[in-house]
Amino acid sequence: MRLVLIGPPGAGKGTQAALLSAALGVPHISTGELFRDHGARGTALGRDAERYVESGELVPDEVTVEMVRLRLDEPDTGRGFVLDGFPRTVAQADGLEALLSGAGLRLDAVVELTAPEQVLVDRLLGRGRQDDTEEVIRNRQRVYHRDTAPLLSHYADLLVSVQAVGPVEKIAEEVLASLPAQAP
Ligand code: ADP
């Protein structure tokens, strides 16, 4: 199963991606996590990404797609993946499409998680990550509406939308129930 999760910051993509990854037996790939990991290890990629991550701006598409390409090349993605936080622009979606079609593969579904804006901001302020100051949070929301929301129409044919409010297990069940029957 090859899944993409889309939703504004605070919609709970990370939580749902972890639950779905466990239920489906495929790895959870979070580009936010990958960037933080590269940053902590001080790789060249991490240094390129640092200033964008700190301000809540998107890391340039070429850097991001290259990082994802390296991750998708790892053998644990053979049965699929849950992508969390990628693609976030139409250019990244095109990059992903090129990576997959090169291997004769395609996405099975794109899941949109939705929640009211004030719920999103409250959740993120409660989380207390280093880039979770109110100003940076508001900027990530702006960037989402500007750069990522257009992906919803790009993926209209694959899109499943779920309200991400309430108990996390119930939300995951709802997502699982709305996925297409798994290809053999
Ligand atoms: P959130 O969903 O709360 O914005 P993430 O952990 O997904 O948090 O992302 C943190 C930061 O990492 C983003 O603000 C951005 O700078 C960078 N980032 C993550 N994914 C991408 C992506 N697909 N393209 C560009 N930048 C990204």
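All heavy atoms count here, side chains included; hydrogens, waters and symmetry mates do not. Since this is a predicted model, take the numbers as computed values, not measurements.
Y52 and F35 fall within a single hydrophobic cluster, where Ile, Leu, Val, Met, Phe, Trp and Tyr are joined by side-chain heavy atoms under 4.5 Å apart, directly or via other members. The cluster map of Ile, Leu, Val, Met, Phe, Trp and Tyr, joined by side-chain heavy atoms under 4.5 Å apart, puts F86 and V82 in different clusters. Hydrophobic clustering of Ile, Leu, Val, Met, Phe, Trp and Tyr side chains at less than 4.5 Å, counting indirect connections, unites L159 with V90. Placement of L34 and V65 within a single hydrophobic cluster is found when ILVMFWY residues are connected by side-chain heavy-atom separations under 4.5 Å, directly or transitively. One hydrophobic cluster, built from ILVMFWY side chains closer than 4.5 Å, holds both V160 and I171.
With no hydrogens or angles considered, a side-chain donor-acceptor pair links Q118 and D122 at under 3.5 Å. Remark: the T89 side chain and the D147 side chain contain no N/O donor-acceptor pair separated by less than 3.5 Å.
Looking at heavy atoms from C-beta onward, V4 lies out of side-chain contact with L151 at the 4.5 angstrom threshold. Between I137 and L125, some side-chain heavy-atom pair lies under the 4.5 Å cut-off. Looking at heavy atoms from C-beta onward, R71 lies in side-chain contact with D76 at the 4.5 angstrom threshold. Within the 4.5 Å cutoff, the side chain of P150 has no heavy atoms near those of the Y155 side chain. Counting heavy atoms from C-beta on, the side chains of R129 and R36 come closer than 4.5 Å. Side chains of P9 and Q141 form a contact here, defined as non-hydrogen atoms less than 4.5 Å apart. The closest side-chain heavy-atom distance from E57 to N139 is below 4.5 Å. Side-chain atoms of E62 and Q92, non-hydrogen and from C-beta on, never get closer than 4.5 Å to each other.
Contact between G42 and R47 at its shortest, heavy atoms only, is O-NH1, 2.8 Å. Pairing each heavy atom of L176 with each of A23, the nearest pair is CD1-CB, 3.8 Å. The two residues A11 and L120 make their nearest non-hydrogen contact at N-CD2, 3.5 Å. When all heavy atoms of V26 and R79 are compared, the closest pair comes out as CG1-O, 3.3 Å. The two residues P180 and M1 come nearest to each other via the heavy atoms O-CE, 3.7 Å. Between G14 and D84, the closest heavy-atom pair is CA-OD2, 3.3 Å.
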Practice prompt. Go through the steps to decide whether L58 and V143 satisfy the test side chain to side chain contact (heavy atoms under 4.5 Å, CB included), and finish with yes or no.
Written response: CA-CA 8 Å; L58 293 183; V143 169; 3.6 Å; yes
Item to complete: Could you give me the CA-CA distance, side-chain angles and deciding distance for T31 and R88, then say whether side chain to side chain contact (heavy atoms under 4.5 Å, CB included) is met?
Response: CA-CA 10 Å; T31 42; R88 248 163 154 115; 4.3 Å; yes
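Using a 4.0 Å cut-off between a side-chain N of Lys or Arg and a carboxylate O of Asp or Glu, R140 and E135 do not qualify as a salt bridge. Residues R123 and D132 are not paired through a salt bridge, judged by the lack of any N-O separation under 4.0 Å between the basic side chain and the carboxylate. Under the 4.0 Å criterion applied to side-chain N and carboxylate O atoms, K170 and E173 are not assigned as salt-bridge partners.
Other cluster members for V168: L19, joined by side-chain heavy-atom distances under 4.5 Å among Ile, Leu, Val, Met, Phe, Trp and Tyr.
Distance check, rounded to the nearest 0.5 Å: NE2 of H154 to OG1 of T148 gives 12.5 Å. We find the CD-OG distance between Q16 and S21 to be 12.0 Å, quoted to the nearest 0.5 Å. The OG1 atom of T114 lies 12.5 Å from the CD1 atom of I6; values are rounded to the nearest 0.5 Å.
R69 contributes no side-chain N or O that, together with a main-chain N or O of L99, makes up a donor-acceptor pair within less than 3.5 Å. In this structure, T77 contributes its side chain and L72 its backbone to a donor-acceptor pair below 3.5 Å. Within the 3.5 Å criterion, the main-chain N or O of G7 finds a donor-acceptor partner in the side chain of K13. With hydrogens and angles ignored, the 3.5 Å screen pairs no side-chain donor or acceptor of T43 with any backbone N or O of G39. Side-chain atoms of D108 come within 3.5 Å of backbone N or O of R2 as a donor-acceptor pair.
Test V162, V110, L20 against L5 for side chain to side chain contact (heavy atoms under 4.5 Å, CB included) and you get one pass: L20. Shown are L107, L83, L179; of these, the side chain to side chain contact (heavy atoms under 4.5 Å, CB included) with L3 is made only by L179.
Annotation: R146, atom CZ; neighbour count of heavy atoms from other residues, nucleotides and ligands within 6.0 Å is above 12. Other residues, nucleotides and ligands contribute at most 12 non-hydrogen atoms within 6.0 Å of the CD atom of E97. Atom CZ of R51 has 12 or fewer neighbouring heavy atoms from other residues, nucleotides or ligands inside a 6.0 Å radius.
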